[in-house]
Amino acid sequence: PLLLHFPIAMIMAAAAVELVLCWRKEAQPNGIASFCLWVGAIFAVLATWTGWEMAEMEGIGANPVKADLLGWHRWTGVVLAILMILLCLAWLIERMSHRRWAFHSYRYGLWAAGILVCFVGHFGAEMKWGRDYLFSVLRSPEPTPAVNTNATGTSVAGGGAESTAS
């Protein structure tokens with residue numbers, strides 16, 4: 001769980017820091033965002049690889065309900081890992097040459113990664129908790145029929161008194 005969830009936190013933190021810095025009109029990568037970018041990229045690659053292996057070992061792809069979600073989760077995860085590597089390259093180019101295009105690629109790409117990680121996580125959560133996991137907590141549970149018992153402990157349907165024919 002740590003290996004899977006840690007890159008989510010790092011990517012979201014880096015995107016959030018860069019969003020605040022954009023609002024403050026700062027036009028160079030921040031140390032905190034840079035740290036989160038690199039750690040998030042390393043762990044995103046590791047999570048993609050280990051997640052792929054774990055799905056194979058657990059046979060998740062054999063479940064027809066989960067197979068479609070697994071495909072979406074896997075490939076959006078691969079795209080995210082590749083994007084993170086490209087963002088690290090853009091960061092390096094910006095740091096070495098101070099090119100504006102590299103900085104904008106880094107910043108906008110980091111925001112895109114923050115959005116993409118939400119989709120990757122959503123597909124993973126649907127696989128784990130079911131397709132309606134997100135909104136099922138908002139619905140009130142269906143009422144269960146009341147079952148009353150009489151003095152002897154026997155169930156009485158409808159909760160009314162027992163009637164006997166005379």
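Ring geometry for Tyr106 versus Phe103: interplanar angle of 30 to 60°, hence tilted.
A distance of 12.5 Å separates OG1 in Thr48 from CZ in Phe43, rounded to the nearest 0.5 Å. Put simply, OG on Ser105 and CG on Leu89 are 11.0 Å apart, with the number rounded to the nearest 0.5 Å.
Residues Ala90 and Ala102 approach most closely at O-CB, 3.6 Å, considering heavy atoms. Minimum interatomic distance between Gly40 and Pro7 (heavy atoms only, all atoms of both residues): O-CB, 3.8 Å. For the pair Lys66 and Met127, the tightest heavy-atom approach, listed with the atom from each and the gap, is CE-O, 3.2 Å. Residue Ala55 comes nearest to Leu70 through the heavy atom pair CB-CD1, 3.7 Å, listed as atom of the first residue, atom of the second, then distance. Met84 and Ala113 make their closest contact through SD-CB, 3.8 Å (heavy atoms, listed as atom of the first residue, atom of the second, distance). Contact detail for Ala81 and Ala44: the closest heavy-atom pair is CB-O, 4.2 Å.
The side chain to side chain donor-acceptor pair (under 3.5 Å) analysis of residues 93-103, with sequence neighbours excluded, yields no pairs. Sorted by first and then second residue, the side chain to side chain donor-acceptor pair (under 3.5 Å) pairs with a member in residues 71-91 read Ser34-Trp91, Glu56-Arg74; sequence neighbours excluded.
The same ILVMFWY cluster, assembled from side-chain heavy atoms under 4.5 Å apart, contains both Trp38 and Leu87. Linking ILVMFWY residues whenever their side-chain heavy atoms come closer than 4.5 Å, directly or via other members, places Leu92 and Leu37 in the same cluster. Leu46 and Met10 fall within a single hydrophobic cluster, where Ile, Leu, Val, Met, Phe, Trp and Tyr side chains are chained together by heavy-atom contacts under 4.5 Å. Grouping the Ile, Leu, Val, Met, Phe, Trp and Tyr side chains by contacts below 4.5 angstrom, directly or via other members, places Leu83 with Val120. Connection of Leu110 to Met12 is established within a shared hydrophobic cluster, with ILVMFWY side chains joined at heavy-atom distances below 4.5 Å, either directly or through further cluster members.
Ile115 places a side-chain heavy atom less than 4.5 Å from the side chain of Phe119. Residues Asn30 and Val20 are not in side-chain contact: their nearest non-hydrogen atoms beyond the backbone lie 4.5 Å or more apart. Looking at heavy atoms from C-beta onward, Leu21 lies in side-chain contact with Arg107 at the 4.5 angstrom threshold.
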